[in-house]
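Below: one structure, written as C-alpha cells.
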Amino acid sequence: MVLCLALAGLLLAGVGPGTARADQIRAASYAEPTTRYAHGVLGDKIEYGALEISLASGGRRLFRLPKELVFEDAAPRLADLDGDGAPEVIVVESHTARGARLAIWGPEGRITATPAIGRAFRWLAPLGAADLDGDGRTELAFVDRPHLARILRIWRYEDGQLTEIARAEGVTNHRIGWSRIPGGLRDCDGPEMILADAEWTEVLALRLTTGGRVSRRVLGPYTGPESLDAALVCGS
C-alpha cells in the first residue's frame with residue numbers, strides 16, 4: 001500500500017527539479033502486518049504495526065507503533081498541510097481500548113492527532129485534505145463511525161495542531177468489509193466533499209462555508225460505491 005506524489009507536487013515553491021530537501025517525504029506505506037487488533041472493518045483482520053517513509057535523499061525511516069496501537073487504514077495519504085511545499089502523511093490509528101483517531105506524521109515522526117473516538121472497534125473514514133473554506137488554511141475531513149454515528153467532522157491544521165471547526169450529521173462513505181473508501185474531495189468551482197446520505201439512497205456534495213457552516217446538495221441517486229467515485233468528476 002504505497003502512495004507517491006508526482007515530482008511536481010513535491011518541489012518547494014520557487015525552486016527547480018532536484019533541489020527538494022533531503023528529508024522531504026516522497027512516499028509512505030504501511031508495514032509489519034499484524035492481527036493484534038481484530039476489528040476487520042476493511043474486510044480482513046490484518047492491520048499494520050509500522051509506517052515506512054521514503055525521503056528525497058533516498059533514505060527510509062520506519063516508525064513502529066506500541067502494541068496498543070495499529071494503523072487501521074487502506075493506505076497512507078500524502079498532502080502538503082502547512083503550505084511549505086513538502087507533504088505530510090495522513091493516517092488512521094486505532095487504539096485497543098479507545099478506537100480510531102486521525103493522525104499526521106512527518107519525517108521525524110507523529111506531529112499531532114485528533115482525540116480517539118473513545119471506544120474499541122470504533123473507526124473513522126477519511127475523505128482527504130484541502131482548503132475547504134477558501135481562507136488559505138488546510139482542513140481535513142473524515143466520517144466519524146460511518147457505520148454507526150455517520151457524522152462528518154472537519155478539522156483545521158495550523159501550527160502543527162488539529163482543531164475541529166465543523167461537523168454535519170447524516171452522512172457516510174463506507175460499509176463494513178469494504179477494502180477502500182469511495183468518494184472523497186473534488187474541486188468544482190470550489191472544494192466539495194462527496195458522500196452518501198446515511199440511508200445510502202443519495203449521493204451528496206457538501207461544502208464548508210464561512211462560519212463553520214456545512215451546506216449540502218443532492219447530486220443523484222446512490223447506486224453503489226462507483227456512484228460516489230463517479231461524482232468526483234465535475235459536472236456529474
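As the structure is a prediction and not an experimental result, all values here were calculated from the model.
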**Request:** State, with a plain yes or no, whether a side-chain heavy atom of Ile117 is found less than 4.5 Å away from one of Arg145.
**Result:**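 A side-chain contact exists here, since the closest heavy-atom pair is under 4.5 Å.
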**Item:** Arg122 side chain near Leu148 side chain, heavy-atom distance below 4.5 Å
**Value:**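 Touching, per the 4.5 Å side-chain cut-off.
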**Message:** Does anything in residues 129-220 form a disulfide (SG to SG under 2.5 Å)? List the pairs, not counting sequence neighbours.
**Reply:**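 Every disulfide (SG to SG under 2.5 Å) pair that includes a residue of residues 129-220, provided the two are not neighbours, is Cys188-Cys234.
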How long is the gap from [atom1] on [X] to [atom2] on [Y], to the nearest 0.5 Å?
| X | Y | atom1 | atom2 | result |
| --- | --- | --- | --- | --- |
| Glu139 | Leu132 | CD | CG | 5.0 Å |
| Tyr222 | Ser227 | OH | OG | 5.5 Å |
| Asp159 | Arg137 | CG | CZ | 9.5 Å |
| Leu81 | Leu140 | CG | CG | 5.5 Å |
| Ile46 | Arg36 | CD1 | CZ | 13.0 Å |
| Leu51 | Phe63 | CG | CZ | 7.0 Å |

Give the cluster check for [X] versus [Y]: same hydrophobic cluster or not, with ILVMFWY residues linked at side-chain heavy-atom distances below 4.5 Å.
| X | Y | result |
| --- | --- | --- |
| Ile25 | Tyr48 | yes |
| Val143 | Leu124 | no |
| Val41 | Leu127 | no |
| Val171 | Ile194 | no |
| Phe142 | Ile104 | yes |

What are the two closest non-hydrogen atoms of [X] and [Y], and how far apart are they?
| X | Y | answer |
| --- | --- | --- |
| Arg60 | Ser54 | NH1-OG, 2.8 Å |
| Glu169 | Arg216 | O-NH2, 2.8 Å |
| Leu208 | Met193 | N-CE, 4.0 Å |
| Pro225 | Pro182 | O-CB, 3.7 Å |
| Thr209 | Ser215 | CG2-OG, 4.3 Å |
| Trp155 | Pro115 | CH2-CD, 3.5 Å |

Distance-only side-chain donor-acceptor flag, [X] / [Y], under 3.5 Å:
| X | Y | result |
| --- | --- | --- |
| Arg156 | Thr163 | no |
| Glu93 | Trp105 | yes |
| Asp73 | Tyr30 | yes |
| His39 | Glu47 | no |

**Asked** Hey, mind stepping through Arg217 and Leu204 against side chain to side chain contact (heavy atoms under 4.5 Å, CB included) and telling me if it holds?
**Response** CA-CA 6 Å; Arg217 61 192 178 95; Leu204 306 175; over 6 Å; no
**Request:** List the steps, then state whether side chain to side chain contact (heavy atoms under 4.5 Å, CB included) holds for Arg153 with Leu102.
**Result:** CA-CA 11 Å; Arg153 300 179 67 180; Leu102 195 74; over 6 Å; no
**Request:** Could you tell me how the ring of Trp200 sits relative to the ring of Trp178: parallel (under 30°), tilted (30 to 60°) or perpendicular (over 60°)?
**Result:**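 Perpendicular: the ring planes of Trp200 and Trp178 meet at over 60°.
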**Message:** Within the supplied structure, the quantity of interest is the number of heavy atoms (other residues, nucleotides, ligands) at a distance under 6.0 Å from Arg98 CZ; does it exceed 12?
**Reply:**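 Atom CZ in Arg98 is not crowded, with 12 or fewer foreign heavy atoms closer than 6.0 Å.
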**Message:** With a 4.0 Å cut-off on N to O distance, would you call Arg61 and Glu108 a salt bridge?
**Reply:**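 Salt bridge flag = yes for Glu108 with Arg61.
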**Message:** Salt bridge or not between Asp229 and Arg180? Use side-chain N to carboxylate O under 4.0 Å.
**Reply:**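 Salt bridge present between Asp229 and Arg180.
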So, [X] side chain and [Y] main chain: donor-acceptor pair closer than 3.5 Å or not?
| X | Y | answer |
| --- | --- | --- |
| Asp197 | Glu202 | yes |
| Arg186 | Ala231 | yes |
| Asp80 | Gly85 | yes |

**Request:** Apply side-chain hydrogen bond (donor to acceptor under 3.5 Å, both in side chains) to Arg150 and Thr172, showing your working.
**Result:** CA-CA 5 Å; Arg150 301 181 177 94; Thr172 187; 4.7 Å; no
**Request:** I would like to know whether Tyr37 and Glu68 meet side chain to side chain contact (heavy atoms under 4.5 Å, CB included); could you show each step before the answer?
**Result:** CA-CA 8 Å; Tyr37 187 70; Glu68 65 270 17; over 6 Å; no
**Request:** Kindly indicate, with the supporting measurements, whether the criterion side chain to side chain contact (heavy atoms under 4.5 Å, CB included) is fulfilled by Glu192 and Leu206.
**Result:** CA-CA 5 Å; Glu192 294 182 308; Leu206 282 71; over 6 Å; no
**Item:** All side chain to side chain donor-acceptor pair (under 3.5 Å) counterparts of Asp82, not counting sequence neighbours
**Value:**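 Side chain to side chain donor-acceptor pair (under 3.5 Å) list for Asp82, sorted by chain: empty.
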